[in-house]
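Worksheet: the structure to be examined is printed underneath.
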Amino acid sequence: MTPDQLRALVRTIPDHPKPGIMFRDVTTLLLDPEGLAAAADALAATVTDKPDLIAAIDARGFIVGTALALRLGCGLLLVRKDGKLPGETIAEDYALEYGTDRLAMHVDACTPGARVLITDDLLATGGTALAAARLIRRAGGLVTGARFFIDLPDLGGGAKLRAEGIEPISLMDFAGD
Ligand SMILES: O=P(O)(O)OC[C@H]1O[C@H](OP(=O)(O)OP(=O)(O)O)[C@H](O)[C@@H]1O
Ligand SMILES: Nc1ncnc2[nH]cnc12
């Protein structure tokens, strides 16, 4: 499957969840068995330096993170919306394209010095991925990079991640439309 064919599997829904937002809907890519496998394989192929853990961000990031963890043979660290994890947690507030939220992780999920790759379906403002990076670093982990199916470069998330020393790689972008 070519990158253009993969990109064509993502549906765009204008004005969701708020007027003015062009929502890039990954569910249509997930419905396509070849597209899902091709996206997971292509993203896994970008990881040349195997991390100890894949961090996956609630909720759509769980899909991407699980696929990468299985392909790379890594453990999976769940970064969840606050209030969902049963053990002792640390939390970080953040802003995203259409609101604010709070992410949490188990304080003991990441041993000091563990090398952790952040994964999510989509990078927009970078608020979500940076909140995940702050949590991992507070727990003593080393963030080795970030991987996304989709980047929205007009929203500047990639530049913000790079400013924090985190190299983002995505399979496709949607810019200027
Ligand atoms: O780069 P940002 O501006 O932070 O935006 C990206 C985040 O927005 C979406 O998640 P959302 O919070 O909508 O949650 P969901 O996965 O539960 O749908 C997406 O899955 C990313 O996690
Ligand atoms: N435009 C967008 N489409 C899908 N998910 C998003 N998360 C943040 N912005 C988004």
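Every number for a ligand or one of its atoms is a count from 1 in the order of the listing.
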Per-atom contacts, ligand 1 versus Leu122 - under 4.0 Å to a heavy atom = 6 (C), 21 (C)
Sub-4.0 Å atoms of ligand 2 with respect to non-hydrogen atoms of Met22 = 1 (N), 2 (C), 3 (N)
Check whether more than 12 heavy atoms from other residues, nucleotides or ligands sit under 6.0 Å from atom NZ of Lys84, and answer yes or no.
-> no
Just jot down the ligand 1 atoms closer than 4.0 angstrom to any heavy atom of Tyr98, in number order.
-> 8 (O), 9 (C), 11 (P), 13 (O)
Among non-hydrogen protein atoms, atom 8 (O) of ligand 1 lies closest to Leu96 CD1, 3.4 Å
If you draw the axis of the six-membered ring of Tyr94, does the NZ or CZ of Arg102 fall within 45° of it and under 6.0 Å from the ring centre?
-> no
Distance-only side-chain donor-acceptor flag, Ser170 / Arg147, under 3.5 Å = no
Do Thr2 and Asp4 meet the criterion of a side-chain donor-acceptor pair at a distance under 3.5 Å?
-> no
In the protein, what heavy atom is nearest to atom 9 (C) of ligand 1, and what distance, to one decimal place, separates them?
-> Arg60 NH2, 3.3 Å
Residue, atom name and distance, where the atom is the protein heavy atom closest to atom 17 (O) of ligand 1 | Lys81 NZ, 3.0 Å
Among Gly99, Gly157, Ala124, Gly156, which residue places a heavy atom closest to atom 5 (O) of ligand 1?
-> Ala124
Taking both backbone and side-chain atoms of Gly61, is any N or O found less than 3.5 Å from an N or O belonging to ligand 1?
-> no
Is the closest heavy atom of His16 to ligand 2 under 4.0 Å?
-> no
When distances are taken from atom 3 (N) of ligand 2, the protein heavy atom at minimum range is Arg24 N, 2.9 Å
For the atom pair CE (Met105) and CD1 (Ile57), what is the distance rounded to the nearest 0.5 Å?
-> 11.5 Å
For Leu76 and Leu53, work out which heavy atoms get closest and say how close.
-> N-CD2, 4.4 Å
By number and element, which atoms of ligand 1 are closer than 4.0 Å to a non-hydrogen atom of Thr125?
-> 1 (O), 2 (P), 3 (O), 4 (O)
Closest heavy-atom contact between Ala40 and Ala67?
-> CB-CB, 3.8 Å
Measure from the side-chain N and O atoms of Thr46 to the backbone N and O of Leu43, and report whether any donor-acceptor pair falls under 3.5 Å.
-> yes
Check ligand 2 against Leu152 and write out every atom of the ligand that is under 4.0 Å from a heavy-atom position of the residue.
-> 1 (N), 2 (C)
Which protein heavy atom lies closest to atom 20 (O) of ligand 1, and at what distance to 0.1 Å?
-> Asp121 OD1, 2.6 Å
Salt bridge present between Asp121 and Arg24 (N-O < 4.0 angstrom) = no
Would the number of heavy atoms belonging to other residues, nucleotides or ligands and lying under 6.0 Å from CD of Glu34 be above 12?
-> no
Within a distance under 4.0 Å of any heavy atom of Glu97, pick out the atoms of ligand 2 and give their elements.
-> 1 (N), 2 (C), 8 (C), 9 (N), 10 (C)
Ligand 1 to Ala129 polar contact by distance, N or O atoms, under 3.5 Å | no
For ligand 2, which atoms have a heavy atom of Arg60 less than 4.0 angstrom away?
-> 4 (C), 5 (N)
Within reach of ligand 1, part of Asp101 (heavy-atom separation under 4.0 Å) = neither
Check each of Thr128, Asp120, Val64 against atom 21 (C) of ligand 1 and report the one with the nearest heavy atom.
-> Asp120
Do any nitrogen or oxygen atoms of Tyr94 lie less than 3.5 angstrom from nitrogen or oxygen atoms of ligand 1?
-> no
Any donor-acceptor pair under 3.5 Å linking the side chain of Thr100 with the backbone of Ala95?
-> no
So, does Leu122 sit close enough to ligand 2 that a heavy atom of it is under 4.0 Å from the ligand?
-> yes
Does any N or O in the side chain of Arg71 come within less than 3.5 Å of the main-chain N or O of Thr66, such that one atom is a donor and the other an acceptor?
-> no
Could you tell me which non-hydrogen atom of Ala55 sits nearest to which non-hydrogen atom of Val116, and how far apart they are?
-> CB-CG1, 3.7 Å
Under 4.0 Å to a heavy atom of Glu97 - the qualifying atoms of ligand 1, by number = 3 (O)
Closest heavy-atom approach to atom 8 (C) of ligand 2 among Phe174, Tyr98, Phe23 is made by Tyr98
Atom indices of ligand 2, in the order listed, that fall short of 4.0 Å to a heavy atom of Ala124 = 8 (C), 9 (N)
Spacing of CG belonging to Asp154 relative to CG belonging to Asp173, to within rounding of 0.5 Å = 8.5 Å
